[in-house]
Asker: 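Please see the structure below; I have some questions.
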2 protein chains.
Amino acid sequence: MKERSTMANRASKSPSSILEVATLANVSTATVSRVLSGRRAKDDDIAQRVRKAAAELNYSVNYAASALRSDVTNTIGLVIPSATDSFSAGLLDALEPVVDSDSRQLLLGIGESEAMQVDRVESLCSRKVDGLIVVTSAGADLSEVFDRHADGIPIVQVGGRQRSFRTDMVSIDENTAMEAIIGHLADQGVESVAYLAGEEISFESAELFAMFHTQVRAAGLTTQSDWNRFGDCTVRRGFDCTIRLFGERGHPDAVVCADDTIAFGVMMALHALGMSVPEDIKVVGYNDSPIASATLPTMTSVRPPYDRIVSESLRLIEAGPGHPSHVSLPPELVVRVSSTRR
Amino acid sequence: MKERSTMANRASKSPSSILEVATLANVSTATVSRVLSGRRAKDDDIAQRVRKAAAELNYSVNYAASALRSDVTNTIGLVIPSATDSFSAGLLDALEPVVDSDSRQLLLGIGESEAMQVDRVESLCSRKVDGLIVVTSAGADLSEVFDRHADGIPIVQVGGRQRSFRTDMVSIDENTAMEAIIGHLADQGVESVAYLAGEEISFESAELFAMFHTQVRAAGLTTQSDWNRFGDCTVRRGFDCTIRLFGERGHPDAVVCADDTIAFGVMMALHALGMSVPEDIKVVGYNDSPIASATLPTMTSVRPPYDRIVSESLRLIEAGPGHPSHVSLPPELVVRVSSTRR
DNA sequence: GTGAAAGCGCTAACAC
DNA sequence: GTGTTAGCGCTTTCAC
């Protein structure tokens, strides 16, 4: 029911204060505050009168005043390297609705370099966000800022290398992911596998590569050191690597990539070489970016568990600062056509 | 020079107030406020003393208190349909650094449906952002919310159809874009052109299509009505359309797409049909999403003028509410390999 | 140009 | 459980 009374309209001009609501409901401002913030047990006549008055006056709290008094800003900060990064974008889309439905507000900081990330963390902390979620860019070390603020504000680092042990950490269980990939390929009759990864010999990429090796051995598959290549995380790189790989005598049955972009280049190269995916060669990507479902054939990839990352991060923030813990979440292998036997 | 005095460290524990700065600098809180907010003319001894004291105490303003008193929140709100949308992501990456460098904070709202967009606009307005930038999702009509808040908060609509005339509007000059595309193709020796667009017969897409026709005629090129197709904005759609298009007798020299994703499907289909891009057929995309520079060959596309969109939007916000104006910005044709004669 | 003081709207303490 | 009241930290009159 849309209120269209004169009062509601007048109210929307100059936002009404809690005092007006209190007057209209015949209670004190304290009661109004308690009812509207849910800090009051019963839902009796008084509570309803207050809510009715608030609705009638089109009242909404003044967050500045509320924050000034209570030190709770009802905001969550998020720092990401770039909105163009598919992981960050996926996280953003998953996080915002949850934050908003809690009638909180999302404050966003974007920074690729370590310096910019530090800067954004500082900004958000000085805004006194109720919690801060940070997707560190590869290689950035934010431990100094984190340590400086971790006492006062719950900070959750998502993915990457844990460098500060005073913040919470939500990471992706890459080992499970790799186990799922290799197990799936073995099921499809694959016997030998190549591995193509991004350029930076970062902690994360080294770790993933190590897991690849472990899982390949565990599943009884084979690989070769000259089938394991590191290059840019670009289509062209995947393309060139593949051309070289398959130009040589003897080639793998499958190519596992540490990124969808590379996998895409691989698929293009295989096409150019006249080999068909998945019949001749199977291909698996990583991150389940939009490109994965757009290729022909569609690409099997590993989807980060965005919803669980969000819920765990917010849970850790709720728990408050001071008791840092680490949760590791298994991603989901999204099996599409590029890796299936047919 | 990094201050590491005992005071600075103690100060960083419990953030210091303007009163402590005033005491240390031997002035009143009013003077501190004036100096730090730049509302004071001279940069004399006093000003320097104040700044030095502030630095020493590691002081930063309490935005909540500042906002409560002055009604200026130092925040900019942005509403987008999805972070996965390449235009929104590009805008986000361009906007954030500018907002931040002004020591303001970006508040983000994400909503695909009209209802969610309205909701996010309401949230941000009730947070009293200093300005609101909205990328409306296709077909959404936000005029009602806009009208309701336009008096109090400067609102800038970016792109899409202008439905409220009480807000500012920054749009992309698609006509110039189309002129550049067709002119470029004509220069490359193209004589006949097909046009593939996204599904929704929205105002925007209809407009772009009309401009395509105008420009094709103006440049002396030809097209055919069965070469102008509307479908999903997906790779597969582009693929299927192309297969059908080029299966028929007689086909165009070039394909202009209203989206990079479609163009990508077109390129894959042409490859599958054994036709080479750009030798046999030229292809042009739209939006310059990351995919455009990742295809093989790289794709010519139209890049939205993100930086100018940002600067114009912020300029309009600075001008305040009440004098809505409309600026139209020409995008840039990024010529890559898919459209060049060789 | 500077300082003293009021007060923005709300919530937390406290008294009832 | 409810009302009264103080005061969060800042900006902005208003005197000087």
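The structure presented is a predicted model; accordingly, all values stated were derived computationally and were not measured. Chain identifiers are assigned alphabetically (A, B, ...) following the order of the sequence lines, protein sequences preceding nucleic acid strands; residue numbering begins at 1 within each chain.
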Asker: Please give, in whole Å, the distance from dT11(D) C1' to Ile18(B) CD1?
Answerer: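 To the nearest whole Å, that distance equals 8 Å.
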Asker: On DNA chain C, does the nearest nucleotide to Asp44(B) precede the nearest nucleotide to Arg69(B) from the 5' side, or the other way round? Give the residue.
Answerer: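 With Asp44(B) and Arg69(B) compared, the 5'-side residue is Asp44(B).
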Asker: Can you measure Leu19(B) atom CG to dT11(D) atom P for me and round it to whole angstrom units?
Answerer: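 For the pair Leu19(B) CG and dT11(D) P, the rounded distance is 13 Å.
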Asker: For the helix from dG1(C)-dC16(D) to dC16(C)-dG1(D), what is the angle between the axes at its two ends, each from 5 pairs, rounded to 10°?
Answerer: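 Here the local axes at opposite ends form an angle of 30°.
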Asker: Yes or no on salt bridge (charged side-chain N to carboxylate O under 4.0 Å, His left out) for Arg49(B) and Asp44(B), after CA distance, side-chain angles and deciding distance?
Answerer: CA-CA 9 Å; Arg49(B) 232 164 54 216; Asp44(B) 56 3; over 6 Å; no
Asker: In whole Å, I'd like the distance from the CG atom of Asn62(B) to the C1' atom of dG7(D).
Answerer: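 Spelled out: CG on Asn62(B) to C1' on dG7(D) is 13 Å.
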Asker: For the backbone of Leu108(B) and the side chain of Gln105(A), can you confirm whether one donor and one acceptor N or O come within less than 3.5 Å of each other?
Answerer: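 Looks like yes, one N/O pair under 3.5 Å.
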Asker: Between Leu68(A) (CG) and dA6(D) (P), how many Å, whole number?
Answerer: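 One finds 17 Å between P of dA6(D) and CG of Leu68(A), rounded.
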Asker: Hey, is the main chain of Arg104(B) close enough, under 3.5 Å, to the side chain of Asp102(B) for a donor-acceptor pair?
Answerer: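 No, Asp102(B) side chain to Arg104(B) backbone: no donor-acceptor pair under 3.5 Å.
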Asker: Using only side-chain N and O atoms of Ser33(B), determine if any of them is under 4.0 Å from OP1 or OP2 of dC10(D).
Answerer: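 No, Ser33(B) has no side-chain N/O under 4.0 Å of OP1/OP2 on dC10(D).
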Asker: Hey, does the side chain of Glu20(A) reach the backbone of Ser17(A) with a donor-acceptor pair shorter than 3.5 angstrom?
Answerer: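 It does hold such a pair.
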Asker: Under 3.5 Å, is there a donor-acceptor pair between the side chain of Arg40(A) and the main chain of Arg34(A)?
Answerer: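 No, Arg40(A) side chain to Arg34(A) backbone: no donor-acceptor pair under 3.5 Å.
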Asker: Cut-off 3.5 Å, side chains only: do Ser37(A) and Arg39(A) have a donor facing an acceptor?
Answerer: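 Short answer, yes.
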Asker: Go through it in stages, so that I can follow the logic: the residues are Lys128(A) and Asp71(A), the test is salt bridge (charged side-chain N to carboxylate O under 4.0 Å, His left out), and I'd like the CA-CA distance, side-chain angles, deciding distance and then a yes or no.
Answerer: CA-CA 8 Å; Lys128(A) 301 192 198 304; Asp71(A) 276 333; 5.6 Å; no
Asker: Report the distance from atom CZ of Arg127(A) to atom P of dG9(D), rounded to the nearest whole Å.
Answerer: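 In whole Å, dG9(D) P lies 17 Å from Arg127(A) CZ.
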Asker: Rounding to an integer number of Å, can you tell me how far Arg39(A) CZ sits from dT2(D) C1'?
Answerer: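 That distance rounds to 15 Å.
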Asker: OP1 or OP2 of dC10(D) less than 4.0 angstrom from a side-chain nitrogen or oxygen of Tyr59(B), does that happen here?
Answerer: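 So the side-chain polar atoms of Tyr59(B) do come within 4.0 Å of the phosphate oxygens OP1 or OP2 of dC10(D), strictly under.
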Asker: Please figure out whether Ala30(A) or Thr31(B) has its closest DNA chain C nucleotide nearer the 5' end.
Answerer: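 Between the two, 5'-proximity favours Thr31(B).
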Asker: Heavy atoms under 4.0 Å, any strand shown: does Arg34(A) hit a base, just sugar-phosphate, or nothing?
Answerer: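 The answer is base, as Arg34(A) lies within the cut-off (heavy atoms under 4.0 Å) of a base atom.
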Asker: Would you indicate which nucleotide in dC10(D), dG1(D), dG3(D) comes nearest to any side-chain atom of Ala41(A)?
Answerer: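 Selected nucleotide: dG1(D).
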Asker: Does dT2(D) have its OP1 or OP2 closer than 4.0 Å to a side-chain nitrogen or oxygen of Ser28(A)?
Answerer: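 For Ser28(A), the contact criterion (side-chain N or O under 4.0 Å from OP1 or OP2 of dT2(D)) is not met.
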Asker: About how many Å separate CG of Asp130(B) and CD of Glu318(B), when rounded to the nearest 0.5 Å?
Answerer: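 It comes to 8.5 Å.
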Asker: What distance do Asp93(B) atom CG and Asp85(A) atom CG have between them, rounded to the nearest 0.5 Å?
Answerer: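 Spacing of CG (Asp93(B)) from CG (Asp85(A)) equals 9.5 Å.
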Asker: Which whole-number value in Å describes the distance from Tyr63(B) OH to dC10(D) C1'?
Answerer: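 So the two atoms are 13 Å apart, to the nearest Å.
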Asker: Short question: side chain of Gln117(A), backbone of Ser137(A) - any donor-acceptor pair under 3.5 Å?
Answerer: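 Yes: the side chain of Gln117(A) pairs with the backbone of Ser137(A).
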Asker: Students should find this one: the first and last nucleotides of DNA chain C, 5' to 3', lying under 4.0 Å from a heavy atom of chain A. What are they?
Answerer: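 Answer, 5' to 3': dG9(C) to dA13(C).
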Asker: What is the separation between atom CG on Leu36(B) and atom C1' on dC10(D), rounded to the nearest whole Å?
Answerer: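 Rounding to the nearest Å, CG of Leu36(B) and C1' of dC10(D) are 12 Å apart.
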Asker: With respect to the side chain of Ser17(B), which nucleotide from dT2(D), dC10(D), dG3(D) is positioned closest?
Answerer: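 When the side chain of Ser17(B) is considered, dC10(D) is the closest of dT2(D), dC10(D), dG3(D).
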